[in-house]
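Structure first, then comments.
By convention here, the first residue in the shown sequence is residue 1.
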Amino acid sequence: MKNLSKYLVGAACVTALAFSTGAFIKVYAAEAPVVAPGQPVDLTYAAAKALPAVVHIKYVQNSKTKTVEVQEDPFGGFFDPFGFFGNPGNGGSRRQQVQTPKREATGSGVIISSDGYIVTNNHVVEGADELTVTLNDNREFSARIVGTDKQTDLALLKVNATNLPTMSIGDSDNLKVGEWVIAVGNPYNLNSTVTAGIVSAKSRGLGATRNGIESFIQTDAAINQGNSGGALVNTQGELVGINAMLYSQTGAYSGYGFAIPTTIMNKVVDDIKKYGSVQRVMLGIQGGDVLNFINAQKEEGKNADLGTNEGVYVSEVSEEGNGAALGLMKGDVITKFDGQKVTRMSELQQALNSKRPGDKATVTYIRNKKELAKTITLKNAQGTTKVIEQADIDVLGGQYRPVSDTLKKQLNISYGLEVLKVNSGALKSAGINRGFIIQNVNDNMVKSIDDLQNLVRKASTSKDPVLYIQGIYPTGKKAYFAVPLAD
């Protein structure tokens with residue numbers, strides 16, 4: 001849940017213990033309705049097409065032992081000067097192990113191919129130890145995560161099944177404000193729920209996630225907790241969006257929901273399937289909607305005449321980004337991207353999301369009320385036009401096991417991952433030898449092989465593809481290594 005004066009709520013339903021009573025729903029064949037302008041819309045065809053392809057997702061995160069920093073009681077030493085009850089407090093902090101409770105949650109997903117690929121939200125599956133998918137006909141499957149993308153809040157799952165029901169994927173760019181849509185999902189564990197409304201707005205940016213790509217479809221079809229990852233469907237029964245958030249003062253639906261358009265979804269899914277991660281380019285600028293900048297200047301008693309009231313105002317340009325290569329400067333206003341009109345930041349983000357490193361793009365911008373246009377070859381965050389494939393732990397060339405209790409006691413440590421063998425790979429190149437105990441990677445504690453795997457994957461697609469490893473040898477000697485992951 002995100003508090004932005006009102007609440008922006010990821011519509012996944014979290015419960016201490018969830019019981020599902022999914023009812024069998026019989027779907028009848030129907031033909032696409034033909035409705036005269038101004039007449040009531042028949043949504044039964046769209047519902048019949050969508051219901052079989054929308055699934056219920058149950059998330060389980062098992063209880064875990066975590067090490068946390070806790071503040072010492074600054075008065076501990078005063079009340080226990082001889083330390084009878086442990087170390088006297090000194091007002092500092094210490095590490096303490098705590099047992100986290102088991103978490104269960106529910107959400108929704110959409111089957112996009114008959115061989116078992118399912119799209120949902122990243123926040124529905126993030127951190128899950130077990131994922132169970134239940135179809136509209138009550139069949140159950142265990143699901144694995146193929147890949148996730150935090151910036152768009154999308155995730156791709158896979159179940160081991162064939163001949164699954166799907167629905168056609170529509171072009172969200174063709175949606176019109178005022179057009180009827182239905183939202184299909186599982187709010188509050190109420191399986192196979194359909195709500196209806198209209199498209200209230202397009203390309204809506206909310207600022208709900210840091211560095212997120214936001215160009216939402218806004219709808220007044222009711223979206224509640226548990227709807228996350230479900231389908232937004234047009235009257236032709238086509239998928240046009242993945243439901244993601246609701247806007248509320250109470251945490252429950254009160255007027256508006258938001259869905260990720262299929263134009264963004266398609267690119268994310270394709271990249272995860274082909275490369276394991278999303279191939280992304282960035283302009284390397286900071287800024288915002290022109291109108292917001294003009295209004296902010298007015299509040300300061302200043303008059304900002306930029307030659308336009310629409311577009312993206314550039315407030316800062318990174319030295320090494322695509323924006324600098326274009327020659328963009330502070331004060332410029334971007335008005336078009338590859339010939340497509342840009343009126344706000346969310347539209348620019350959506351246009352950039354469609355590109356991959358190596359693609360060419362023409363950016364039109366206004367400087368001193370004069371229109372300029374330049375074409376460049378777009379680069380990724382690492383400054384290259386290469387495809388960034390998500391690295392696996394194998395790139396390190398080692399074998400590992402959690403540190404033994406004997407070594408923990410001997411070295412006075414509480415966690416770590418012991419290197420059992422070093423083959424040719426990144427560890428050997430960095431000078432890490434057998435016996436070294438990895439404790440921290442990029443300022444994250446490493447207690448299991450899964451921890452190391454996740455950190456390798458994250459770093460391999462980052463702007464700085466390096467593992468900064470801290471640890472200790474069995475002799476007690478501490479060491480620090482920088483392990484590059486890129487060629």
Any idea which heavy atoms bring [X] and [Y] closest together, and the distance?
X    : Y    : answer
S108 : G185 : OG-CA, 3.6 Å
T195 : A222 : OG1-O, 2.8 Å
T385 : T377 : CG2-CG2, 4.0 Å
I449 : Y400 : CD1-O, 3.7 Å
G323 : I285 : CA-CG2, 4.3 Å
A231 : V54  : CB-CG2, 3.8 Å

Report yes if some heavy atom in the side chain of [X] is under 4.5 Å from a heavy atom in the side chain of [Y]; otherwise report no.
X    : Y    : answer
L154 : V119 : yes
I264 : I242 : no
D359 : V281 : no
L131 : V125 : yes
K58  : V133 : no
V268 : D270 : no
I198 : D220 : yes
I111 : I118 : yes

So how far is it from [X] [atom1] to [Y] [atom2], rounded to the nearest 0.5 Å?
X    : Y    : atom1 : atom2 : result
L51  : D137 : CG    : CG    : 12.0 Å
L232 : E238 : CG    : CD    : 12.0 Å
T235 : I182 : OG1   : CD1   : 9.5 Å
N303 : I294 : CG    : CD1   : 9.0 Å
N454 : N444 : CG    : CG    : 10.0 Å
L326 : Y365 : CG    : OH    : 7.0 Å

Using only atom types and a distance under 3.5 Å, with no angle test, would you say the side chain of [X] pairs donor to acceptor with the backbone of [Y]?
X    : Y    : answer
N380 : G383 : yes
N243 : G257 : no
Q453 : I393 : yes
N227 : N224 : yes
N322 : K379 : yes

Partners of [X] by salt bridge (charged side-chain N to carboxylate O under 4.0 Å, His left out), sequence neighbours excluded?
X    : answer
K369 : D305
E300 : K302
R204 : none
D464 : none

Q: Give a yes or no on this: more than 12 heavy atoms of other residues, nucleotides or ligands lie within 6.0 Å of atom CD of E179.
A: yes
(Q) Does K458, at its NZ atom, have more than 12 non-hydrogen atoms belonging to other residues, nucleotides or ligands within less than 6.0 Å? (A) no
Compile the donor-acceptor pairs under 3.5 Å between side chains in residues 166-173 and protein atoms, sequence neighbours left out, one pair per line.
{"unit_1": "D171", "atom_1": "OD1", "unit_2": "D173", "atom_2": "N", "d": "2.9"}
{"unit_1": "S172", "atom_1": "OG", "unit_2": "T262", "atom_2": "N", "d": "3.3"}
{"unit_1": "S172", "atom_1": "OG", "unit_2": "T262", "atom_2": "OG1", "d": "3.4"}
{"unit_1": "S172", "atom_1": "OG", "unit_2": "T263", "atom_2": "N", "d": "3.2"}
{"unit_1": "S172", "atom_1": "OG", "unit_2": "T263", "atom_2": "OG1", "d": "3.3"}

Q) Checking side chain to side chain contact (heavy atoms under 4.5 Å, CB included) for the pair I334/L283: CA distance, chi angles, key distance, verdict? A) CA-CA 11 Å; I334 299 170; L283 276 186; 3.8 Å; yes
Can [X] and [Y] be counted as having a side-chain donor-acceptor contact under 3.5 angstrom?
X    : Y    : value
D42  : T44  : yes
S215 : Q350 : yes
N136 : S192 : yes

How would you list, by chain and number, every residue that makes a side chain to side chain contact (heavy atoms under 4.5 Å, CB included) with [X], sequence neighbours excluded?
X    : result
N292 : D289
V177 : K202
D338 : K355, A361, T362

Q) For V441 and L452, what are the C-alpha separation, side-chain angles and deciding distance, and is it a side chain to side chain contact (heavy atoms under 4.5 Å, CB included)? A) CA-CA 8 Å; V441 173; L452 184 59; 4.1 Å; yes
**Q.** Verdict with reasoning, S142 to E130, per side chain to side chain contact (heavy atoms under 4.5 Å, CB included)
**A.** CA-CA 8 Å; S142 291; E130 301 170 31; over 6 Å; no
(Q) Could you go through V312 and V342, starting from their C-alpha distance and side-chain angles, then the distance that decides it, and tell me whether this counts as side chain to side chain contact (heavy atoms under 4.5 Å, CB included)? (A) CA-CA 7 Å; V312 173; V342 171; 3.8 Å; yes
Q: Identify the residue among N189, N186, N138 that makes a side chain to side chain donor-acceptor pair (under 3.5 Å) with H56.
A: N189
Q: List in chain and number order the residues that pass ring-ring contact (aromatic ring centres under 6.0 Å, His included) with F293, two or more places apart in sequence or in another chain; answer none if no residue qualifies.
A: Y313
Q.
Can you tell whether the side chains of E347 and K341 come within less than 4.0 Å, N to carboxylate O?
A. no
Q: Identify whether the distance between the nearest side-chain nitrogen and carboxylate oxygen of K150 and E126 falls below 4.0 Å.
A: yes
Q) Y59: what forms a side chain to side chain donor-acceptor pair (under 3.5 Å) with it, not counting sequence neighbours? A) Q61, R103
Q: Name all pairs fulfilling the side-chain hydrogen bond (donor to acceptor under 3.5 Å, both in side chains) condition that reach into residues 273-286, sequence neighbours left out, sorted by first residue then second.
A: D149-R280, Q151-R280, R280-N353
Q. Which residue pairs pass the salt bridge (Lys or Arg N to Asp or Glu O under 4.0 Å) test when at least one of the two sits in residues 314-337, sequence neighbours left out?
A. D332-R367
